[in-house]
Asker: 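Can you read through this structure? Questions will come right after.
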Protein chains: 2
Amino acid sequence: MSQHRHPGAPGRAGAVPALPDLPEATVARLPEYLRALHNLAETGHETVSSEGLASAAGVNSAKLRKDLSHLGSYGTRGVGYDVALLIDQIEYVLGLTQRRAVALVGVGNLGHALAGYDGFVSRGFRIAALFDADAARVGEEINGLVVRHIDELPRVAAEEAIAIGVIATPASAAQSVADQLVAVGVTSILNFAPCVLSVPEGVDLRKVDLAIELQILSFHEHRKASLTALPATGGSALTALPGGLAVTDPQEAIGT
Amino acid sequence: MSQHRHPGAPGRAGAVPALPDLPEATVARLPEYLRALHNLAETGHETVSSEGLASAAGVNSAKLRKDLSHLGSYGTRGVGYDVALLIDQIEYVLGLTQRRAVALVGVGNLGHALAGYDGFVSRGFRIAALFDADAARVGEEINGLVVRHIDELPRVAAEEAIAIGVIATPASAAQSVADQLVAVGVTSILNFAPCVLSVPEGVDLRKVDLAIELQILSFHEHRKASLTALPATGGSALTALPGGLAVTDPQEAIGT
DNA sequence: AGGCGCTTGTGAAGGCGTGCACAAATCGCG
DNA sequence: CGCGATTTGTGCACGCCTTCACAAGCGCCT
């Protein structure tokens with residue numbers, strides 16, 4: 001765990017670049033591999049094959065091998081990957097060897113839950129400060145942290161090296177908060193507010209919108225429903241969905 | 001809203017296909033367009049150009065036009081898109097003309113927040129029931145809904161037509177909950193638990209992992225830090241580290 | 001009525017990501 | 001010591017998605 005050296009790599013010197021620029025898709029999967037690896041380590045596995053790790057992470061084994069090859073990680077042919085070594089390597093690449101400080105802005109419904117979410121802590125992060133603009137919420141203690149007013153952000157940022165800002169405010173406040181975070185030097189932002197933010201170049205921005213996920217599922221529900229509602233009797237009567245929408249049959253090609 | 005017909009399409013009857021099979025990437029963006037459109041409608045806009053809507057939704061205008069063309073939506077050349085009409089069309093395609101019932105399982109830290117999240121309600125969904133396996137939580141009232149024991153899921157599902165299941169349990173319980181949801185006929189699941197779920201074919205599964213988002217940001221932080229720490233001196237220091245991984249930022253990896 | 005400016009819809013090209021299939025490499029065993 | 005079983009690493013082809021660039025269409029103004 002506290003081991004920062006990575007022993008045991010084959011003799012070739014300089015074979016592992018410091019920070020290869022990985023495909024974004026690979027980066028997005030590394031955390032999943034990491035979680036699967038931790039599970040494996042806890043259950044006593046010392047090595048794992050690409051097939052085994054892939055299924056534990058829910059991906060294709062060829063994809064996993066290619067991902068790992070991108071970061072220069074060496075498995076052993078005929079054996080597999082060393083679990084502990086791979087954990088170290090991925091954690092290093094993801095920059096998890098230092099426990100990054102996270103500032104959470106917006107302690108409403110969702111923010112409150114995020115402040116208490118132990119998944120952040122258990123996976124390499126440290127919630128360094130909580131902020132809110134609502135004076136009524138300032139002073140409240142959540143999970144051992146006191147909510148500060150957003151105006152104190154500059155002062156707190158000067159004390160703690162805040163690496164990542166999390167925005168859990170209403171949409172109307174999000175852009176302003178983002179600007180303030182950028183102003184104090186934060187270069188990575190995770191946005192939970194349902195709105196588009198604009199940030200200067202060099203600042204990384206990711207967004208999580210819970211309602212959007214549901215809407216995507218809703219689309220698939222809708223599609224499945226319309227398909228099953230049409231057994232095979234093409235064309236005859238248009239089936240009406242509960243909402244009142246007439247549905248033409250799938251072979252709408254007749255129109256074109 | 002209650003308008004279910006899509007008037008104004010050029011002479012061709014039935015010009016709006018019921019459910020074209022859209023590219024997945026397009027589906028994922030439609031909710032974003034929808035939100036931007038609602039904002040525009042509230043601010044009095046009756047029409048909007050692809051450029052305007054694209055910037056409001058944070059995407060490229062060509063991409064937006066292609067997305068909309070996929071769902072057969074017709075704008076007017078020289079003018080733009082009719083905001084109200086486009087809202088109807090997207091809501092129809094996404095299956096939001098009916099208010100789908102959502103069952104939320106796991107009323108812990110995160111689940112509690114989700115139960116109170118008004119973004120679900122305001123965007124076409126209805127939280128129909130809350131479940132938990134912990135007897136201590138059963139009976140608690142959240143946002144006007146009483147938490148039921150997970151064993152009651154079959155009975156409740158028989159009463160309410162549950163379209164989507166949301167899992168906000170610990171990872172250890174998630175697969176079991178997913179199985180139970182599938183057993184009562186749920187065909188769309190949104191998983192917040194940090195684990196890989198397996199579901200039968202025909203069941204749609206999406207995952208949101210808050211910690212993974214942070215880890216992705218952490219990677220970019222790490223990368224940015226290592227780049228600024230390396231002026232231009234190619235070579236010696238960064239290429240070779242016999243132990244295995246080269247280290248660009250000494251403070252980072254060497255800290256005990 | 002006709003032309004002009006604006007905007008959509010789309011063909012084509014390029015890039016990225018995925019998955020297959022196989023050569024290369026390593027271990028264990030006789 | 002050599003051979004076979006096993007597994008990695010990767011070249012290659014394919015498909016999806018993005019982006020550019022432009023012709024076609026529409027309204028407005030003269």
Side-chain angles (χ1 to χ4, degrees), chain A residues 8-12 15-17 20-30 32-33 36-37 40 45-83 85-86 89-90 216 255-256, chain B residues 6 8-12 15-17 20-30 32-33 36-37 40 45-83 85-86 89-90 216 244:
Chain A
R12 208 175 319 174
V16 180
D21 40 350
L22 308 170
E24 198 58 34
T26 296
V27 175
R29 282 187 293 266
L30 288 182
E32 200 77 48
Y33 302 156
L37 284 165
L40 287 168
H45 295 72
E46 298 208 340
T47 64
V48 64
S49 70
S50 65
E51 195 71 46
L53 181 53
S55 76
V59 301
N60 182 296
S61 71
K63 191 188 296 185
L64 178 129
R65 287 199 298 275
K66 188 153 291 188
D67 283 341
L68 294 186
S69 78
H70 278 133
L71 50 86
S73 153
Y74 292 157
T76 308
R77 293 169 192 237
V79 177
Y81 298 91
D82 182 296
V83 172
L85 172 61
L86 203 46
Q89 285 191 317
I90 294 180
I216 294 172
T256 46
Chain B
H6 301 285
R12 210 179 314 172
V16 178
D21 40 347
L22 307 171
E24 198 59 34
T26 295
V27 174
R29 281 187 294 266
L30 287 182
E32 200 76 51
Y33 301 156
L37 284 166
L40 288 168
H45 296 72
E46 297 208 339
T47 64
V48 64
S49 69
S50 66
E51 194 70 48
L53 181 53
S55 76
V59 302
N60 183 297
S61 72
K63 191 188 294 184
L64 178 129
R65 286 199 298 276
K66 186 150 289 187
D67 283 343
L68 294 187
S69 78
H70 278 132
L71 51 85
S73 155
Y74 293 155
T76 308
R77 297 167 128 110
V79 176
Y81 298 91
D82 182 296
V83 172
L85 171 60
L86 203 47
Q89 284 192 318
I90 294 180
I216 295 172

Asker: To the nearest 0.5 Å, what is the distance between CG (D67(A)) and CG (N60(A))?
Answerer: 10.0 Å

Asker: Would you check if T76(A) and T47(A) make a side-chain contact, meaning some heavy-atom pair closer than 4.5 Å?
Answerer: no

Asker: Using whole Å, what does the distance between atom C1' of nucleotide dT19(D) and atom CZ of R65(B) come to?
Answerer: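 Answer to the nearest Å: 10 Å.
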
Asker: Over how many whole Å does the gap from L71(B) atom CG to dT8(C) atom P extend?
Answerer: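 So the two atoms are 14 Å apart, to the nearest Å.
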
Asker: Nearest 0.5 Å, what's the CZ-CD1 distance between R29(A) and I90(A)?
Answerer: 12.0 Å

Asker: Quick check on E24(A): does its CD atom have over 12 non-hydrogen neighbours (other residues, nucleotides or ligands) under 6.0 Å away?
Answerer: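 More than 12 within 6.0 Å, yes.
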
Asker: Should S55(A) and E51(A) count as side-chain neighbours, where that means a heavy-atom distance under 4.5 Å?
Answerer: no

Asker: For DNA chain C, whose closest nucleotide is more 5', that of E24(A) or that of V79(A)?
Answerer: E24(A)

Asker: Over all heavy atoms of both residues, which pair between A36(B) and L53(B) is shortest? Give the atoms and the distance, please.
Answerer: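 The answer is CB-CD1, 3.8 Å.
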
Asker: Answer yes or no: does a side-chain N or O of R29(A) lie under 4.0 Å from OP1 or OP2 of dT18(C)?
Answerer: yes

Asker: Any residue in residues 49-63 of chain A with a heavy atom nearer than 4.0 angstrom to DNA chain C? Just list them by number, or reply none.
Answerer: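 Residues of residues 49-63 of chain A that come under 4.0 Å of DNA chain C are, in numerical order, N60(A), A62(A), K63(A).
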
Asker: So what is the 5' to 3' dot-bracket string for DNA chain C, if pairs are Watson-Crick or G-U wobble with both distances under 3.5 Å, crossing pairs use [ ] and | means the partner sits on another strand?
Answerer: ||||||||||||||||||||||||||||||

Asker: Kindly compute the distance separating CG (L37(B)) from CG (D82(B)), expressed to the nearest 0.5 Å.
Answerer: 10.0 Å

Asker: Report yes if some heavy atom in the side chain of Y33(A) is under 4.5 Å from a heavy atom in the side chain of V59(A); otherwise report no.
Answerer: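 In short, these two side chains touch, coming nearer than 4.5 Å.
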
Asker: Whole-Å distance between dG9(C) P and H70(B) NE2?
Answerer: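 The answer, rounded to whole Å, is 12 Å.
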
Asker: CG of L64(A) versus P of dT8(D): gap in Å, rounded?
Answerer: 9 Å

Asker: Return the value, rounded to whole Å, for the distance between atom CG of L22(B) and atom C1' of dC17(D).
Answerer: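 After rounding, the reported distance stands at 14 Å.
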
Asker: Output the single nucleotide from dG27(D), dC17(D), dA21(D) whose closest atom is nearest the side chain of P23(B).
Answerer: dC17(D)

Asker: Is there a side-chain contact between Y81(B) and the phosphate of dC26(D), meaning an N or O under 4.0 Å from OP1 or OP2?
Answerer: no

Asker: Taking for each residue the nucleotide of DNA chain C bearing the nearest heavy atom, is the 5' side occupied by L68(B) or by A25(A)?
Answerer: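 Residue closer to the 5' terminus by nearest nucleotide: L68(B).
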
Asker: What is the separation between atom CG on D82(B) and atom P on dG27(D), rounded to the nearest whole Å?
Answerer: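 Value for this atom pair: 13 Å.
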
Asker: Let me know the distance between CG of D21(A) and P of dC16(C), rounded to the nearest Å.
Answerer: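 For the pair D21(A) CG and dC16(C) P, the rounded distance is 11 Å.
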
Asker: Ignoring hydrogens and angles, are the base of dT7(C) and the side chain of R77(B) linked by a donor-acceptor pair under 3.5 Å?
Answerer: no

Asker: Please report the shortest heavy-atom distance between I216(B) and A28(A), naming the atom on each side.
Answerer: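 Between these two residues, the closest heavy atoms are CD1-CA, 3.8 Å.
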
Asker: Between the base of dT10(C) and the side chain of K66(B), is one N or O donor paired with an acceptor at under 3.5 angstrom?
Answerer: no

